[in-house]
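First the structure, in the form of structure tokens, and then the observations on it.
This structure is a prediction, so every number in the text was calculated from the model and none was measured.
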Amino acid sequence: MKRFDPNDFLIRDFFKTKQKILKGIFWEKRLFWAKFLIIFSLAILWFRFFYLQVVKYSYYYKKAKERSVVSYVIKAPRGEIVTSDGVIVATNRAVFQLYLDPELIKDREDAVLYKLSKILKEDFGILKERYYLAKKSFLGRVLIKRNLNWDEVAKIMVRRYYLPGVKVEVEAERYYPYGDMYFHLIGYISKITMKEYKELKEKGYSMEDYIGRAGIEKEFEKELKGKNGAIEIERDAYGRLGKVINRISPVPGNDLVLTVNHNLQVKAYELMKEKNGALVALSPQDGSVLAMVSSPSINPQKFIDGFTKEEWKRINQNPDNPFLNRVLQPYPPGSTYKVITAIAGLEAGVIKNVNDTVFCSGYYKFKNRIFRCWKPEGHKSVNLIKAIAYSCDVYFYTVASKLDIDYLAEVSRKWGLGKPTGLGWSEEKSGFVPDRAWKEKTFKEPWYPGETIIIGIGQGYLLATPLQMARVYMAIANGGYLYKPYVVKKIKRVNGNVIEIAPQIEKHLILNSRYLEWIREGLLEAVRIGTGRGAFIPGLLVSGKTGTAQVVSLSAKTKKDKSLEHHAWFVSYAGWSQPQIVSAILVEHGGHGGAVAAPIAQKLYKTYFGIEEPKKNITKLPE
């Protein structure tokens, strides 16, 4: 039997104690790491929470808002356009517009369009085609139908729960109460294109805006366009729109007050309506535009209401080009230019005295060429005043033959020809004044003296716009002040401030007073007894010059072809004692200026000065 050894007990006790100690250390380490992992994880979660809730708060708030809130533009009303006598010629009207947002109805477009076609009682295929065409052409919401009636609005509003992405809005739509009467003066607006939006979005334009395309609407776009507002609307997961959360009201554009007289504009339109041509009237006191009409024209409201395919095709294929503002387009000025030839002849000493005469036998022979007068039998002996009054070609052939073309070109440019008038419209053409250097550069040949003779009566390479010719006669009427024409005299800002636009003098032409009186006397006689008798009004001083600008040579012209007829001109000024109005009238292929254009001026001046047309005696037939 083994004897008890106390040392064995001690050894076992030591090992047990050691195991307990080691086991405690092991669990303490595991507990430490477990605590560490928990604290570390919590720290990561806390930092992540801080990052999401604080650092990225605005980003995720915006994202969340985008998912639950949709924002749309409220288009600002454009400024009104008012005539000098207080008639509103371009304004805005409230209309109901039906929009569909493609972003809210992805993969459900056809279903929504089908429901709308039933409500609007429109053909589904046509509505669908219109939607997809608009969606392809423009960014943002699609205008499904404009100017809804009350019945259509009510039907849509009670069914809007089943019409996701559909929104009916009340908008200010451009309205032109006088249609095509002011087309070339006011211009028109149309929907902004994708390219334009990308270029202009930094200037406050939206994808749904309209922009000026011509006339005042284009040239004063910055003033007329207001500042768009915005509206935020709740939407659910199905794209259905709910209550309005926020609304920022738009700021309307500035109003414009024109220099134009409405009654005169109406009369000018009536006089030119059935013709192709232009009429512009200016004030000789400051160059302000009193009336501006180009015919044919287009109703600017159609660019908002929309054209049918047939209407658009008819307009684009119209050979008369109704888009063209003929007031700003160049034509041969014909005999209306003879006043420039006379001024050049007087200043150059070619015409030494008003009573110096030239014998007109019906033609002028220069070397081996014959230049014919418009009157085959001739005017016999004529001086400067008679030559202007009766528009004697031979007299001005004679004067022009003694002038150098470069000098004649210099005088023409001095009187405002061959360059823009200062109106500032992008559609205005410069016209053309030829000279020796141009001929040599263009045709590689010298200038011939016979060409100067043709220029002397306003033919050949010479071109001038009706507005340019009106300015020439304005300077004659007011003593040599060449004003820049302008059409807007006041800008009324939304804050109540009014900006007055002052007249601008381009230059003061210095002309011998005797020369000016001779020219004026010739123009007065032209209306009293000469070629402009059609403009004569008893008691009113009307002075002017007719012009018949040849389209083809006299031998080539045939009366059967209207397009070969000459252009009819009449440029004049009128007043009771002093000139108060200047006008330039052009009728394309109208024939003789005295027979066609002068009577138009007479009726225009009667309206401006309040002279009533004599009533015709109508014999009552027995019943």
Discussion item. Test side-chain contact (heavy atoms from CB on, under 4.5 Å) on F96 and E169; report intermediate values, then the result.
Written reply: CA-CA 6 Å; F96 289 107; E169 288 190 6; over 6 Å; no
Item to complete: Go through the steps for T259 and Y486 under the test side-chain contact (heavy atoms from CB on, under 4.5 Å), then give the verdict.
Response: CA-CA 8 Å; T259 60; Y486 68 105; 3.6 Å; yes
Worksheet item: Would R471 and L482 count as a side-chain contact (heavy atoms from CB on, under 4.5 Å) if you check the C-alpha gap in whole Å, the side-chain angles of each, and the deciding distance to 0.1 Å?
Response: CA-CA 7 Å; R471 281 221 309 164; L482 201 62; 3.6 Å; yes
Worksheet item: Can you check whether H589 and H566 have ring centres sitting under 6.0 Å from each other?
Response: no
Discussion item. Check for me whether the distance between the ring centres of F124 and Y114 falls short of 6.0 Å.
Written reply: yes
Item to complete: Let me see the working for Y269 and D180 under side-chain hydrogen bond (donor to acceptor under 3.5 Å, both in side chains), right down to the final yes or no.
Response: CA-CA 9 Å; Y269 170 78; D180 60 345; 2.8 Å; yes
Worksheet item: So is K225 actually on top of Y205's ring, under 6.0 Å and inside 45° of the axis?
Response: yes
Item to complete: To the nearest 0.5 angstrom, please state how far the CG atom of L586 sits from the OH atom of Y331.
Response: 5.5 Å
Worksheet item: How far apart are the C-alpha atoms of Y188 and F303, what are their side-chain angles, what is the distance that settles it, and do they pass the ring-ring contact (aromatic ring centres under 6.0 Å, His included) test?
Response: CA-CA 7 Å; Y188 66 98; F303 291 93; 3.9 Å; yes
Worksheet item: With a 4.0 Å cut-off, would you call E173 and R78 a salt bridge?
Response: no
Worksheet item: Is the shortest side-chain N to carboxylate O distance from E500 to K492 below 4.0 Å?
Response: no
Worksheet item: What do the steps show when you test H262 against Y182 for side-chain contact (heavy atoms from CB on, under 4.5 Å), and what is the final call?
Response: CA-CA 10 Å; H262 178 68; Y182 280 86; 2.7 Å; yes
Worksheet item: Can you check salt bridge (Lys or Arg N to Asp or Glu O under 4.0 Å) on K191 and E196, steps first, answer last?
Response: CA-CA 10 Å; K191 191 86 177 281; E196 288 170 332; over 6 Å; no
Indicate yes or no for a side-chain donor-acceptor contact from [X] to the backbone of [Y] under 3.5 Å, with no hydrogens or angles considered.
{"X": "Q301", "Y": "R174", "value": "yes"}
{"X": "Q504", "Y": "G287", "value": "no"}
{"X": "H184", "Y": "L324", "value": "yes"}

Item to complete: Identify the residue among R159, R146, K145 that makes a salt bridge (charged side-chain N to carboxylate O under 4.0 Å, His left out) with E152.
Response: K145
Practice prompt. Begin from the C-alpha positions of Y605 and S583 and carry the test side-chain hydrogen bond (donor to acceptor under 3.5 Å, both in side chains) through to its verdict.
Written response: CA-CA 9 Å; Y605 293 152; S583 70; 2.8 Å; yes
Discussion item. Is it the case that over 12 heavy atoms from other parts of the model lie below 6.0 angstrom from the NZ atom of K490?
Written reply: no
